[in-house]
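Working notes, beginning with the structure itself.
Because the structure is predicted, anything quoted here is derived from the model rather than measured.
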Amino acid sequence: MKQVVHILQKVEFEKQYIKGLQLELDYELATLYDALNTNDEQQIEASKRRLKEIHMELEAFHVFS
């Protein structure tokens, strides 16, 4: 029984983590859009880097599969 509870807790944690990543993805896309409009090269690179990290994390959860 403990194992079932543990698995359910892990699944719930992963769902919440994925939701958080998706919110961060939306925020970072908006930040990148603003940076592109203002030609802020430093922010563009930072946003691209973070977007790649988020993408890799979401891939680990098979969100894009």
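- Sequence neighbours left out, the pairs with a member in residues 33-50 that pass salt bridge (Lys or Arg N to Asp or Glu O under 4.0 Å) are E24-R50, R50-E53, R50-E57.
- Taken together through direct or relayed side-chain contacts under 4.5 Å among Ile, Leu, Val, Met, Phe, Trp and Tyr, L36 and L25 form part of one hydrophobic cluster.
- Considering CD1 of I18 and CZ of F13, their distance stands at 10.0 Å, rounded to 0.5 Å.
- The structure places OG1 of T31 at 11.5 Å from CD1 of I44, a figure rounded to the nearest 0.5 Å.
- Cluster membership for L51 and Y17, using ILVMFWY side-chain heavy atoms within less than 4.5 angstrom, is shared.
- Through side-chain heavy atoms spaced under 4.5 Å, either directly or across other Ile, Leu, Val, Met, Phe, Trp or Tyr residues, V4 is tied to L8.
- S47 meets the side chain to side chain donor-acceptor pair (under 3.5 Å) test with E28, Q43; sequence neighbours excluded.
- Through direct or indirect side-chain contacts shorter than 4.5 Å among Ile, Leu, Val, Met, Phe, Trp and Tyr, Y33 is connected to no other residue.
- For the side chain to side chain contact (heavy atoms under 4.5 Å, CB included) test, residues two or more places apart in sequence or in another chain that qualify with V11 are I7, K15.
- Hydrophobic clustering keeps Y27 apart from L58 (ILVMFWY residues linked when any side-chain heavy atoms are closer than 4.5 Å, directly or through intermediates).
- In this structure Q16 satisfies the side chain to side chain donor-acceptor pair (under 3.5 Å) test together with E12, sequence neighbours excluded.
- Under the 4.5 Å side-chain heavy-atom criterion for ILVMFWY residues, a single connected hydrophobic cluster contains both F61 and I54.
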